Engineer: 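Here you go, one structure.
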Amino acid sequence: MKGPVTKTCEHCGRAFECGGYQCWCGNVGITERHMDWISTRFHDCLCPDCLRKVAAGELGSSSITSVNAPEAAS
């Protein structure tokens, strides 16, 4: 990929620039668990605001934190 590409966030619909391998998203602090949650719900990138919300646990937090949580007894 040469230079930034304009993409549309699959969560909120906002346009943003993706820089490929040297992109801004590398500095957001997304964990492998976050990436797994994102990849099961979206086919492409999320915008800076939505990605920061994922990193902060504000978007998808219940799904992300429940991955290692024991299931409640019925």
Side-chain angles (χ1 to χ4, degrees):
M1 177 184 325
K2 291 185 178 182
V5 174
T6 300
K7 293 189 174 189
T8 301
C9 178
E10 289 193 29
H11 181 259
C12 72
R14 184 173 144 204
F16 66 98
E17 287 192 352
C18 174
Y21 295 109
Q22 299 297 319
C23 192
W24 55 266
C25 66
N27 297 319
V28 175
I30 294 296
T31 66
E32 190 172 330
R33 192 178 309 160
H34 291 130
M35 287 302 298
D36 289 344
W37 183 86
I38 292 167
S39 68
T40 61
R41 287 154 181 83
F42 305 102
H43 298 296
D44 206 355
C45 304
L46 300 180
C47 72
D49 290 337
C50 289
L51 200 58
R52 284 186 197 103
K53 287 179 182 178
V54 171
E58 298 170 14
L59 177 60
S61 61
S62 62
S63 297
I64 293 170
T65 57
S66 67
V67 169
N68 291 327
E71 291 185 37
S74 305

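Everything quoted here is computed from the prediction, not taken from an experiment.
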Engineer: Is the closest basic N to carboxylate O distance between Asp36 and Arg33 below 4.0 Å?
Structural biologist: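 A salt bridge is absent here (no side-chain N lies under 4.0 Å from a carboxylate O).
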Engineer: What verdict does the side chain to side chain contact (heavy atoms under 4.5 Å, CB included) test give for Leu59 and Cys50, after you've listed the backbone C-alpha separation in whole Å, the side-chain angles of each residue and the deciding distance to 0.1 Å?
Structural biologist: CA-CA 7 Å; Leu59 177 60; Cys50 289; 4.2 Å; yes
Engineer: Please report the interatomic distance CZ(Arg41) to CD(Glu10), rounded to the nearest 0.5 Å.
Structural biologist: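 Between Arg41 CZ and Glu10 CD, I get 13.0 Å after rounding to 0.5 Å.
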Engineer: I'd like to check Val28 versus Val54 (side-chain heavy atoms, cut-off strictly below 4.5 Å). Are they in contact?
Structural biologist: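 No - every pair of side-chain heavy atoms lies 4.5 Å or more apart.
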Engineer: Can you tell me how far OG1 of Thr31 sits from CH2 of Trp37, rounded to the nearest 0.5 angstrom?
Structural biologist: 12.0 Å
Engineer: If you round to the nearest 0.5 Å, how far is SG of Cys23 from CD of Glu17?
Structural biologist: 9.0 Å
Engineer: Testing the basics here: between Phe16 and Cys45, what is the closest heavy-atom pair and its distance to 0.1 Å?
Structural biologist: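 Closest pair (atom of Phe16, atom of Cys45, distance): CZ-CB, 3.5 Å.
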Engineer: What's the shortest heavy-atom distance between Cys9 and Leu46, and which atoms?
Structural biologist: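 Closest heavy-atom pair between Cys9 and Leu46: SG-CA, 3.8 Å.
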Engineer: Rounded at 0.5 Å granularity, tell me how far CE in Met35 sits from OG1 in Thr40.
Structural biologist: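 Output value for this atom pair is 10.5 Å.
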